[in-house]
> 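First the structure, then my questions, so here it is.
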Amino acid sequence: MSQQASAPPPAVDLRSDTVTRPTPGMLRAMVEAPVGDDVWGDDPTVNRLQAVVAERTGKEAGLFFPTGTQANLAALMAHCERGDEYLVGQQAHTYKYEGGGAAVLGSIQPQPIDNAADGSLPLDKLAAAVKPLDDHFPRTRLLCLENTIGGKVLPAAYVEQATAFARGRGLATHLDGARACNAAVASGVALEQVCAPFDSVSLCFSKGLGTPVGTVLVGPRALLQRAHRWRKVLGGGMRQAGILAAACLYALEHHYERLAQDHVNAARLAAGLRGVAAIEILAQDTNMVFAQVPAAHCAGLEGFLKARGILAQIGPVTRLVTHLDVSSAGVDACVEAVRDYFSAR
Ligand SMILES: *Cc1c(COP(=O)(O)O)cnc(C)c1O
């Protein structure tokens with residue numbers, strides 16, 4: 001019904017898993033949600049979401065945020081004080097794709113570490129980056145990992161080692177788990193297992209789970225009390241936010257298991273594109289495909305696909321993402337369009 005207000009969606013949109021539209025069932029859940037003023041702690045739907053996600057992840061408490069960027073920043077600010085530093089991947093979202101918020105707004109110095117090909121931060125590099133307690137140095141306080149990263153599931157054994165290393169050096173641990181649900185579903189383990197090694201985890205609902213907005217930060221109650229203060233300072237105190245939390249509760253119930261279908265569709269997309277000689281598949285993990293496209297054809301292919309109702313950001317390294325609104329027929333239409341484009345050239 002309210003979808004009439006927006007432009008009709010394209011047939012296939014592979015640019016990101018953030019482009020999903022709320023389903024009629026999700027919209028109904030939002031409309032029917034009991035609400036209150038969440039800045040006062042009064043919103044029953046927000047409170048339920050926070051409790052449900054804390055329980056699902058095996059943590060003490062949860063805190064609802066409008067975005068993952070704000071949840072990560074509030075978490076970093078809750079873990080670290082001014083002049084502290086956190087260890088983070090060069091390719092990590094909190095380092096590279098959040099406008100430098102930790103440094104800009106948190107007075108927290110990032111200590112970036114080169115990610116290995118599997119997304120991990122090698123332990124010897126971590127060990128070399130931890131500073132001794134000395135007034136010359138920032139105080140190393142936190143290790144931040146990301147799972148999935150570039151679609152890749154971090155190896156569970158590595159996560160165990162890295163978080164054990166951090167604990168041994170007195171560091172707290174935070175997981176940017178924007179796509180931790182994809183990691184859990186792809187690994188066939190409970191979400192709790194993916195979150196267990198970390199003190200705190202942020203979980204996005206606006207990616208594969210398909211809500212309009214929303215991230216829940218989980219962790220120890222004392223940490224979340226500090227994060228709650230920073231959320232207010234950062235402008236994230238929302239009022240009748242139960243309308244948004246209801247979408248997240250709906251997504252947990254109806255869109256979690258089906259993430260497996262996105263992974264199947266991404267594999268189908270990679271397999272189809274492997275049949276096109278001009279394209280080289282670099283990787284396919286969970287719901288992401290990375291493909292090499294000849295530079296001379298990027299703009300041409302993007303326009304050709306668009307004319308067929310297929311949206312994709314085509315570059316020399318192209319990322320294609322499957323989600324709730326991409327069916328296997330949509331995947332096949334994309335493969336066929338790419339094949340047609342190159343067979344005409
Ligand atoms: C999307 C994303 C976030 C948060 O993004 P928002 O758009 O602010 O919700 C954080 N980390 C990763 C890895 C992400 O993909």
Side-chain angles (χ1 to χ4, degrees), residues 13-20 22 49 53 57 62-77 79 86 88-102 104-106 110 112-113 115 118-121 142-154 159 173-186 191 194-195 198 200-219 227 230-231 234-236 238 241 244-245 247-248 251 255 259 262-263 266 283 285-290 313 319-324:
D13 190 341
L14 296 162
R15 292 172 302 168
S16 175
D17 48 9
T18 58
V19 301
T20 57
L49 174 67
V53 179
T57 55
L63 186 60
F64 186 51
F65 286 81
T67 66
T69 297
Q70 193 180 74
N72 282 330
L73 177 55
L76 294 176
M77 292 174 78
H79 279 294
Y86 77 116
V88 63
Q90 285 278 5
Q91 303 307 321
H93 202 277
T94 74
Y95 175 63
K96 193 174 176 184
Y97 298 98
E98 296 181 7
V104 174
L105 302 170
I113 308 282
N115 293 87
D118 65 358
S120 67
L121 306 179
L142 175 73
L143 170 65
C144 179
L145 297 178
E146 186 174 315
N147 197 11
T148 63
I149 178 160
K152 288 184 161 61
V153 180
L154 282 182
V159 172
T173 53
H174 174 71
L175 177 67
D176 178 350
R179 296 188 179 85
C181 296
N182 293 85
V185 168
L191 182 58
V194 171
C195 299
F198 297 91
S200 60
V201 182
S202 61
L203 293 163
C204 268
F205 286 78
S206 58
K207 303 282 167 77
L209 291 174
T211 71
V213 295
T215 286
V216 175
L217 174 68
V218 293
W230 288 124
R231 185 184 71 171
L234 295 170
M238 298 186 288
L244 305 173
C248 300
H255 297 167
L259 290 171
D262 296 341
H263 304 165
D285 297 282
T286 61
N287 66 331
M288 293 187 191
V289 177
F290 289 88
Q313 223 172 10
R319 185 190 76 158
L320 302 167
V321 188
T322 57
H323 51 76
L324 191 57

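Order of listing sets the numbers, starting from 1, for every ligand and every atom in it.
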> Under 3.5 Å, is there a donor-acceptor pair linking the side chains of Asn72 and Ser202?
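Yes, a side-chain donor-acceptor pair sits under 3.5 Å.
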> Is it the case that the side chain of His255 and the backbone of Leu209 share a donor-acceptor pair, with hydrogens and angles ignored and the cut-off at 3.5 Å?
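Yes: the side chain of His255 pairs with the backbone of Leu209.
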> For the residue pair His93 and Glu98, confirm or rule out a side-chain donor-acceptor distance under 3.5 Å.
yes
> Please check this pair: side chain of Thr215 against backbone of Phe65, looking for a donor-acceptor N/O pair closer than 3.5 Å.
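Here the side-chain-to-backbone pair does not exist.
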> Is there a donor in the side chain of Gln90 and an acceptor in the side chain of Lys96, or the other way round, less than 3.5 Å apart?
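Per modelled atom types, Gln90 and Lys96 side chains form no pair under 3.5 Å.
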> Do we see a donor-acceptor contact under 3.5 Å between the side chains of Thr94 and Tyr86?
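Note: Thr94 and Tyr86 side chains meet the donor-acceptor criterion.
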> Show me, by chain and number, every protein residue that has a heavy-atom distance under 4.0 Å to ligand 1.
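Only Thr67, Gly68, Thr69, Asn72, His93, Glu98, Glu146, Asp176, Ala178, Arg179, Cys204, Lys207 have heavy atoms that fall under 4.0 Å of ligand 1, ordered by chain and number.
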